[in-house]
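Presented below is the structure to which this report refers.
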Amino acid sequence: MTRCAVFGTGSWGTAFAMILADAGCEVSLWGRRQELVDVVNTTHENPDYLPGVRLSDAITATTDPAVALAGAEFAVLAVPSQTLRQNLGAWAPLLEPGTVLVSLMKGIELGTAKRMSEVIAEVAGVGPERVAVVSGPNLAREIANRQPAATVVACSDEVVAKRLQTACHTPYFRPYTNTDVVGCELGGAVKNVIGLAVGMADGMGLGDNTKATLITRGLAETTRLGAALGADPYTFAGLAGMGDLVATCSSPLSRNHTFGTNLGRGMTLAQAVAATSQTAEGVKSCESVLDLARRSGVDMPIVEAVVDVVHNGRPTQEVLAALMARSAKPERR
């Protein structure tokens, strides 16, 4: 039986632990709060993030990272992206030789503009064949309800990607393999920022034409950045690109869309943060995505507009007017 460790008891970490268990794996779920770990072990439920969802008996929770990692073939990382470096620094010495590190995180690190797989490789001191990412239209609550969904599992080593595919393939969860780690990660990170923009449009009461424009031009920005960083452009037409973008920009279950909606309705950043119970990755990552774009010489006006609203305090109406006033270019660009 494949043994897996999942670090993070939020909604997506818990849902992915459920997927692994349903696929026949033995799963150790690491959490930092003893009281939540105890509840998971005694009731087989995570009431804080997935209330009402029965978790498999094959999942055991612990606050001890060494216990979680003992014998683990896969170590799944589902913590907020900006905490990865510090957390993994503490866990890396406990890794067993050959354990594959799997990122569920969709962000770019502030300050370094590094993708999560790059941070993992650097901190854990492992090669690319031991780092994989999972990215796609994976709204945790729907998956926890075992509604059909698909995703991409990416690793530069196709054999490793196929091993992970087998470990998380269930009747309701279909993983596809890919070797384009860069493209899959960029699709997952930038879609959060575009989700904020579409949420703002919703909050302002704007219609479907506006939202469709933001989604498609947001995809164009993502593809430009991907091309500059060596990603396969076809990745952005698939689950890790368009698929994830559509789900994030259209679902009320999307934290980033909800956060953007609150900003569009006139909330301040502090008010929107207070109204959001879980991490909206795009709020911080919009700055690091813009940083990465500028380092790469890529123009990303929608991302820049989101940063202006979220971190520079510009009114949404003013930013929208500035976007619309930009000089016209051929659509392919």
Side-chain angles (χ1 to χ4, degrees), residues 81 102-109 113-118 128 131-139 149-156 158 161 164-165 174-199 201 210-251 254 256-257 260 281-282 285-286 288-307 323 329-333:
S81 59
V102 181
S103 170
L104 300 189
M105 300 161 292
K106 297 178 177 180
I108 303 293
E109 187 177 44
K114 289 186 175 181
R115 293 173 285 107
M116 295 295 97
S117 66
E118 294 178 304
V131 182
V133 303
V134 176
S135 191
N138 301 143
L139 297 163
T151 197
V152 177
V153 294
C155 181
S156 62
E158 190 172 7
L164 179 57
Q165 178 187 44
R174 180 180 176 85
Y176 291 81
T177 60
N178 198 324
T179 56
D180 183 17
V181 173
V182 175
C184 288
E185 286 192 290
L186 290 178
V190 182
K191 63 94 183 182
N192 286 329
V193 184
I194 307 305
L196 286 170
V198 174
T210 305
K211 289 178 282 187
T213 299
L214 290 170
I215 290 170
T216 52
R217 294 312 302 167
L219 184 63
E221 292 188 14
T222 309
T223 305
R224 284 201 301 268
L225 181 60
L229 295 174
D232 182 349
Y234 284 105
T235 297
F236 303 110
L239 288 164
M242 177 59 80
D244 205 2
L245 182 64
V246 168
T248 296
C249 292
S250 61
S251 175
S254 165
N256 291 282
H257 180 274
E281 288 282 10
S285 283
C286 62
S288 48
V289 168
L290 183 58
D291 182 18
L292 179 59
R294 287 172 172 168
R295 295 183 191 209
S296 306
V298 175
D299 185 31
M300 300 186 77
I302 297 175
V303 172
E304 188 169 355
V306 170
V307 172
L323 270 176
K329 297 180 179 179
E331 199 275 337
R332 66 180 182 276
R333 298 170 60 189

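What's counted below: heavy atoms across the whole structure, side chains too, no hydrogens, waters or symmetry copies. Keep in mind the model is a prediction, meaning the values are calculated, not measured.
What you find for A113 and D291 is that their closest heavy atoms are CB-OD2, 3.8 Å. Summarising the geometry of S103 relative to M105, their closest heavy-atom pair is OG-N, 3.2 Å, with the distance given to 0.1 Å. Closest of all the heavy-atom pairs between V152 and C184 is CG1-SG, 3.6 Å. A pairwise comparison of heavy atoms in L323 and P301 identifies CD2-O, 3.7 Å as the closest pair. Looking at every heavy atom in both residues, P175 comes nearest to V153 through CB-CG1, 4.1 Å. Of all heavy-atom pairs between V193 and V306, the closest is O-CG2, 3.7 Å.
A donor-acceptor pair under 3.5 Å is absent between the side-chain atoms of R224 and the main chain of V298, judged by distance alone. In this structure, T179 contributes its side chain and S156 its backbone to no donor-acceptor pair below 3.5 Å. Judged by distance alone, the side chain of K106 and the main-chain N or O of V134 form no donor-acceptor pair under 3.5 Å. Of the possible donor and acceptor atoms, none in the side chain of N178 sits under 3.5 Å from a partner among the backbone N and O of C155. Without hydrogens or angle criteria, S251 side chain to A247 main chain gives no donor-acceptor distance under 3.5 Å. With hydrogens and angles ignored, the 3.5 Å screen pairs no side-chain donor or acceptor of E281 with any backbone N or O of N192. With hydrogens and angles disregarded, no donor-acceptor distance shorter than 3.5 Å links the side chain of E109 to the backbone of K114. Counting only distance, with no hydrogens or angles, the side chain of E221 and the backbone of I302 share a donor-acceptor pair below 3.5 Å. In this structure, the side chain of S285 does not engage the main chain of G107 through any donor-acceptor pair within 3.5 Å.
A 4.5 Å side-chain heavy-atom check between P137 and V246 finds every atom pair outside the cut-off. Residues V133 and M116 have side chains not in contact (no heavy-atom distance under 4.5 Å, counting atoms from C-beta outward). A 4.5 Å side-chain heavy-atom check between I194 and L245 finds at least one atom pair inside the cut-off.
To the nearest 0.5 Å, the span separating OG1 on T222 from CG on D244 amounts to 10.5 Å. Here CG of L214 is found 11.5 Å from CG of L196. Values are rounded to the nearest 0.5 Å.
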Worksheet item: So V182 and D180, side chain to side chain contact (heavy atoms under 4.5 Å, CB included) or not? Walk me through it.
Response: CA-CA 6 Å; V182 175; D180 183 17; 4.0 Å; yes
Practice prompt. Using the side chain to side chain contact (heavy atoms under 4.5 Å, CB included) rule, take L186 and L292 through it: C-alpha gap first, then chi angles, then the decisive distance, then the call.
Written response: CA-CA 10 Å; L186 290 178; L292 179 59; 4.0 Å; yes
